[in-house]
Amino acid sequence: MGNILEIINLSKNYYGIPALKNVNLTVKAGEIHGLVGANGSGKSTLMNILFGNRIIRETGGYQGQIYHRGHLLRLNNCAEAISLGIGMVHQEFALIPELTITENIKLGREITNKLTNRLFGHKYSFVDKKLNAQSAALILNKLGLDIDVGLKVRNLSTNIKQFVEMAREIGRQDLNFLLLDEPTATLNKDDAQLLLNVLLAMSRAGVAILFVSHRLEEIKQICDRVTVFRDGEVVSRYNQGEISTTNLARDMIGHTVTKAVAPTRTVSNNPAMIFKKFSVAMPGEEIRELDLTVYEGEILGITSLSGHGKLALGYGVMGLYPAAGEVIYGKQKLHRMDSRTNILKGIYVLPDDRQGLGILPEHSVADNIIFTGNQVKNLFSLRLPRPFTGFLDQQKAHRYVTQLVHDFEIKCTAITQKIKELSGGNQQKVCIARALTVNPKLLFVAEPTRGIDISAKEKILQMLIETNRSQQTTIVMASSELDELKRICDRIAVLVEGRLFKILSPDASDVEFGLALAGEENI
Amino acid sequence: MNKREQADKLFHSERLVPIIFLLLSYLAWQFSGLSGAFVLNQVITRFIRDGILVLSLIIPIAAGMGLNFAVTVGAMCAQAALLFVINYQVNGIAGILLVALLCITFSTLAGLVIGHILNMVKGKEMIVTIIIGTLANSLYQLVFLVGFGTIIPIGNEEIILSRGIGVRNAVDLDMYRNTIDKLWLCKLGNIEIPLFMILVVLLFACLIYYLLNTRFGQKVKAVGNSNEKAEVSGINVNMVRIMAMVLSTVLAALGQLFFLQNIGMFDVYTAHMNADLISCAALLAGGASIKDAKIRHAIIGIFLFHTLFIVSPQAGQNLFHNAALGEYFRSFVAYGTIAFALIINIKNEHKQQVPSNSI
């Protein structure tokens, strides 16, 4: 079988930071080629290059050659990739929300009226809605899905969206090379298996597939070959039969990760914050009359299924969503949920929505670290008489930020680099650095490790533990990662439908947690 | 459905705005004391004059570019075409064909330029089209106020100011007047219905409906929804946006041509000035929003908006014994509609964003 794709010495830089270094890769017709690597290892960059994404050209193109069916590939946009028979299933869904399922599946390949075809040409020919709907329904049936194809994609659940996106690629007769970016990430096991079967069928029909997944078991199950990426380089390649998940995991990280673990201990009985019938009206994530006590110096984990309120606690304290009930901090009652006064009192909230609320994307790393400290507490201001206060002490800020960037191993070209150019893990480190700058007594964090690769994850957890131990900062950490909570927390509160259901010790078994999350009492 | 949802549904601009316009028009008509036949005749005339201009706004909205206030540029292209042909005194059928040809050429070029500019300022299209319109107006004035008689040779003394440079304020369109207006004229009592012209406007409406339901139309809708997602779906987003702008500008130019030939004369320096405002307001009055506009919004909107436009000065005269107040009410209606529709839009957008924020 011939090579559908051949990549020779491919390199790519973003803003001077290498994303891919001398990558060599081939994909044969009918092969499923797995691609694994930690976040930021260059998988997405490779996908974007192969699909002709505009970002690549706008950031200076790439070096090296790519051959598609023997021809040198030079893509200016995705349309060209599609016309060559290359397809891609996107992780974040490239579906148009206001169009129907049919319109999405058939976009660019609509079946059109024969008469107007002849009159005005294919492009300006009338779209035959009925025939398109039938054809779309047929494709979805192949995927085992029976659904009204006239529904707008906006109203679909994520796993159905995933199937629709898949259907769009399957429906193409000219497809010879398919890129898949974590297609099973949002699916449950049964649905994922369904999708994998479809992929196997496609590969038997001769389509070459490049398959990115974080689920190593799946890679092992369906891939003919698998390539491991680390820091933009190919570190290893295995053939079917030689693939083992432990080897893959080891190659991805490059070293065995020392997992951050906090030793168990006894915590004081002094309450740091007491919530009494606390409610937060965050749409889709409401907290209803929560009673909870946070003790001084502890790390309290908060977990729940999504939509059961774990994220809303921090938002409520920050005043981002209307809150009701009573909150007692130390000895005083908090009357207004206002982030400025709360920060002055020593309460800091790091939200889970890092891009939207956590960072100032267009500002530098340095600005992001000192922003809150300087705005609220004037920590980096020059000491000048009254009307002139507020001027930034550049030297002091520079010294402080340089030290912190070094301590927290924040990877950036300079402290003046815009934070939006950093990877998610480094952005999160900056966020925590900013929180620690104001030296809070009580720190709320939500999903601090979401979308971050394994090694950065452990670094961040370690940072939280150290802060707690060395500065006696009480931490309330909301997360859906049970394993992480169990490693660093002193107690873990489980919320169900916005109410406190149970407080479990980190040593409790997974079964206990599972039952608690489902809102069922132990038998 | 609870009360809140019901209220939301009613408060949706698609229903609320036309209902308010209907009530206002009815009240103003009652106070104006004008006869129904008179108002209807006027509305039909304006439907013909303004129809294609309003329709020209639909495609850019579908492509996600908002209200195209640069339809004034299309209008200016039409006027420029007319002035050039009158200047060189090409008469008869040849003249009409030449006007149409020049009009389409000018507006296509203008549309390409505007499209390119708008591709550089994605997300801020509306404000940019307003500025482009104003800028084009200055250039237009420069050409016809100063260019004629200096750089451009004069071929027709009649349209030139007595000083020998610049075009007169008002130019007669004698040779085009009543050429097609009176074709297939039906009379229903006191009401005159120029069937041919109405059919022409409806033909353009059908053309736009057809275009939006072709493959090209699917692309336009996809681009209107999300630039990024359309891009990765293999659509050349910039190209589609430029085409939408060209179509809109050409339609606007043709619309202005219809407008002017129907009136029979035109003010060289002001005839295009309110083309954007009035057609945008008419479209919004029909229930369109800056994200979603359909043919029916355009047609309903023209009738509702122009009814109010026609009766309000007389209503002002009768109510307050002051016609100027009615004239004032006209501009209040036009700007008010646009402002209201924009606010409702942003409100609705905000509503949709809240749940998507939650996890």
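Since this is a predicted model, take the numbers as computed values, not measurements. Order of the sequence lines fixes the chain letters, A, B, ..., with proteins taken first and strands second; residue numbering starts at 1 for each chain.
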Quiz item: Rounded to the nearest 0.5 Å, what separation is found between the NZ atom of K219(B) and the CD atom of E110(A)?
Solution: 8.5 Å
Self-check item: Side-chain (R215(B)) to main-chain (T112(A)) donor-acceptor, under 3.5 angstrom
Solution: no
Self-check item: Centroid-centroid under 6.0 Å between F120(A) and Y210(B) rings
Solution: yes
Quiz prompt | Pairing of K221(B) and E98(A) as salt bridge, 4.0 angstrom limit | solution = no
Quiz item: What are the two closest non-hydrogen atoms of I96(A) and A230(B), and how far apart are they?
Solution: CD1-N, 3.9 Å
Quiz item: Would you say the side chain of K229(B) lies within less than 4.5 Å of the side chain of L95(A), judging by non-hydrogen atoms?
Solution: no
Quiz item: chain A contacts: which residues in residues 234-249 of chain B have a non-hydrogen atom closer than 4.5 Å to it?
Solution: G234(B), I235(B), N236(B), N238(B), M243(B)
Quiz item: In this structure, are over 12 heavy atoms from other groups packed under 6.0 Å from K122(B) atom NZ?
Solution: yes
Quiz item: Taking all non-hydrogen atoms of both residues, which atom of I82(A) and which atom of V232(B) are closest, and how far apart?
Solution: CD1-O, 4.2 Å
Quiz prompt | Contact leader toward chain B among M88(A), R109(A), H122(A), where contacts are heavy-atom pairs under 4.5 Å | solution = H122(A)
Quiz item: Is it the side chain or the backbone of F51(A) that comes within 4.5 Å of chain B heavy atoms, both, or neither?
Solution: side chain
Quiz item: What heavy-atom pair brings N213(B) and K129(A) nearest, and what distance separates the two atoms?
Solution: OD1-NZ, 3.1 Å
Quiz item: Relative to chain B, which segment of K106(A) carries a heavy atom at a distance below 4.5 Å: side chain, backbone, both, or neither?
Solution: neither
Quiz item: Would you say S125(A) and T214(B) make side-chain contact, with heavy atoms under 4.5 Å?
Solution: no
Self-check item: Set of ring-ring contact (aromatic ring centres under 6.0 Å, His included) partners for F204(B), sequence neighbours left out
Solution: none
Quiz item: Taking the inter-plane angle between the rings of Y209(B) and F126(A) on a 0 to 90° scale, is it parallel (under 30°), tilted (30 to 60°) or perpendicular (over 60°)?
Solution: tilted
